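Scroll down for the structure; my scribbles are underneath it.
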2 protein chains.
Amino acid sequence: MSDTAAVEPIGKRERTKLANRQAILVAARRVFAQLGYEAATVRDIIRGTELASGTFYNYFRSKEEVFEALADDGARRFRPILRHAREHAHSFEDYLRSAFIAYFRFIVEDNSVEGLPIEQRRPHVRLDTPEMMAVYQEVRQGLEDAIAHGDAPRVDADYLACACIGIAQELGSAMLRRSPPDIDTAAAFATGLILKGLEGAPRQS
Amino acid sequence: MSDTAAVEPIGKRERTKLANRQAILVAARRVFAQLGYEAATVRDIIRGTELASGTFYNYFRSKEEVFEALADDGARRFRPILRHAREHAHSFEDYLRSAFIAYFRFIVEDNSVEGLPIEQRRPHVRLDTPEMMAVYQEVRQGLEDAIAHGDAPRVDADYLACACIGIAQELGSAMLRRSPPDIDTAAAFATGLILKGLEGAPRQS
DNA sequence: CCACAATAATGACGTGGCGTCAATTTCTAT
DNA sequence: ATAGAAATTGACGCCACGTCATTATTGTGG
């Protein structure tokens, strides 16, 4: 009867490894939010755990790599949401709106930790992790599908995907600055802009 | 007759101060392009000049502040271009297109220095430096003017400005990734998208 | 149940960049 | 010419970094 507790047949070694890695990530999120990414040090992060300084380097090479892992995790959680929206949308407009809503919900929740203004929580460098590029591909695929199905004109899918992402990012930031953040209004704006804008964008040669 | 040489009636103190500041900025541009922003140190920058390490801190408090100054300079150069486009445009479409073209030209020229790939070169552009916010205001003003003149529907000017900026940034990055970067094509895409998209964006309550 | 090997955690240590500051040089004004 | 203001200089103390020999913990064969 006791086998119900041992659902994971892994040894203690692997379990503590996962737990330590997770502890570092959790501490890093808090530290980045409280001190700001730039000001935060590896020591600050490790002090937020029960681990010793040297142990940090068994899991990550640097503060940057920790942030990458956090960003990658975020993208990994977001992509299936986006895919679900693509596969279950009743129309192209429906797809666009639910995708924007999903993203705006995501960043609202992501920034719900108390701390410094959002700008200072993140590194100043632009980072493209594998999972983030996968998200870009997912967006692009959704748009290409719509074009293929005749739901959207034959425009440059790469540029269109970039435009959607740029709108999502900047509009998302603007939305967060307002209180309370109104996800539906922002999503309606973005959806309306893109949907109609498609008609005006140059057709692919 | 010798007064033609002394066009600037400033003392040597002020001249060397400006020259030193400029030397630091020039060196920083090179160092950021060659080593990447994250890897670059204040010492690397100051080694690129004739100055001593302590002198750096007479001009800037940190590497971050140097970058802000570079970004601020860029924005200061860009804003009048944008304003000129606004005041001399024959139509709203003309304004949009020339503004996008101006921005894309700007970033193409800005990234023409040899060095690392663009992603690692520069911090993520922050909109919170004074000149950057002025650029945002300039964009927004142009859009509000168009709305007031009846050239564009009464949409949320803040969101619209953010959308334009987001499109410009992401589309600009995508354009730079292509070789050769085609400014006119990218500008046509952005212009067409926004111009028609405006019709689909929600009207202001 | 007990070695014994494999693996991970620890924290002291050398290194190097950071920001400061007293001493020095350079400029300005009288 | 000279005093005084202003800017430059580089050495210095500090602290975070990343390493690594040591210690502790876990898995395994006898």
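The basis for the numbers below is simple: all heavy atoms, side chains too, and nothing from hydrogens, waters or symmetry mates. Because the structure is a prediction, the values reported are computed rather than measured. Throughout, a chain's letter reflects where its sequence line sits, starting with A, and its residues are numbered from 1.
- If A/Glu50 and B/Thr16 are placed on DNA chain C by their nearest nucleotide, the residue sitting closer to the 5' end is A/Glu50.
- Every residue was checked against the salt bridge (charged side-chain N to carboxylate O under 4.0 Å, His left out) condition with A/Lys63, not counting sequence neighbours, and none meets it.
- Within residues 22-30 of chain A, no residue is approached by DNA chain D to less than 4.0 Å at the level of any non-hydrogen atom.
- When the ring pair (Phe, Tyr, Trp, His ring centres under 6.0 Å) test is applied to A/Tyr103, the partners found at least two apart in sequence or on another chain are A/Phe78.
- The residues A/Glu114 and A/Arg29 are annotated as not salt-bridged, no charged nitrogen and carboxylate oxygen being separated by less than 4.0 angstrom.
- For A/Phe100, there are no ring pair (Phe, Tyr, Trp, His ring centres under 6.0 Å) partners two or more places apart in sequence or in a different chain.
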For nucleotides 4-7 of chain C, give me every protein contact, N/O to N/O, under 3.5 Å, one pair per line with atom names.
{"from": "C/dT7", "atom 1": "O2", "to": "A/Arg13", "atom 2": "NH2", "distance (Å)": "3.0"}

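- For the pair B/Asn20 CG and C/dC27 P, the interatomic distance rounds to 11 Å; values are reported in whole Å.
- Residues satisfying the side-chain hydrogen bond (donor to acceptor under 3.5 Å, both in side chains) test with A/Gln22, not counting sequence neighbours, are none.
- Under a cutoff of 6.0 Å and an axis angle of 45°, B/Arg178 and A/Tyr159 form a cation-pi pair.
- Scanning both residues, A/Ile147 and A/Arg154, for their nearest heavy atoms gives CG2-CA, 3.8 Å.
- Between the CD1 atom of B/Ile81 and the CZ atom of B/Phe106 there is a distance of 6.5 Å, given to the nearest 0.5 Å.
- Applying the side-chain contact (heavy atoms from CB on, under 4.5 Å) criterion to B/Thr16, with sequence neighbours excluded, gives B/Lys12.
- Where DNA chain D meets chain A (any atom under 4.0 Å from a heavy atom), the bounding nucleotides read 5' to 3' are D/dA16 to D/dG27.
- Here side chain to side chain donor-acceptor pair (under 3.5 Å) pairs that include residues 71-80 of chain A, with residues two or more places apart or in two chains, are A/Asp72-A/Arg76, A/Asp72-A/Thr129, A/Asp73-A/Arg76, A/Arg79-A/Glu131.
- Pairing each heavy atom of A/Ala161 with each of A/Tyr136, the nearest pair is CB-CE1, 3.7 Å.
- Among the heavy atoms of the strands lying under 4.0 Å from B/Tyr59 are primed sugar atoms or P, OP1, OP2 only; no base atom is included.
- The residue among B/Lys12 and B/Val42 whose nearest nucleotide of DNA chain C is located toward the 5' end is B/Val42.
- Every residue two or more places apart in sequence or in another chain that forms a side-chain contact (heavy atoms from CB on, under 4.5 Å) with A/Ala188 is listed here: A/Arg97, B/Pro202.
- Of the residues in residues 32-41 of chain A, those placing a heavy atom less than 4.0 Å from an atom of DNA chain D are A/Thr41, in numerical order.
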Side chains of residues 35-46 of chain A: which donor-acceptor pairs under 3.5 Å do they make with residues two or more places apart or in other chains?
{"from": "A/Glu38", "atom 1": "OE2", "to": "A/His124", "atom 2": "ND1", "distance (Å)": "3.2"}
{"from": "A/Thr41", "atom 1": "OG1", "to": "A/Arg43", "atom 2": "N", "distance (Å)": "3.3"}
{"from": "A/Thr41", "atom 1": "OG1", "to": "A/Asp44", "atom 2": "N", "distance (Å)": "3.0"}
{"from": "A/Thr41", "atom 1": "OG1", "to": "A/Asp44", "atom 2": "OD2", "distance (Å)": "3.1"}
{"from": "A/Asp44", "atom 1": "OD1", "to": "A/Arg47", "atom 2": "NH1", "distance (Å)": "2.8"}
{"from": "A/Asp44", "atom 1": "OD2", "to": "A/Thr41", "atom 2": "N", "distance (Å)": "3.1"}

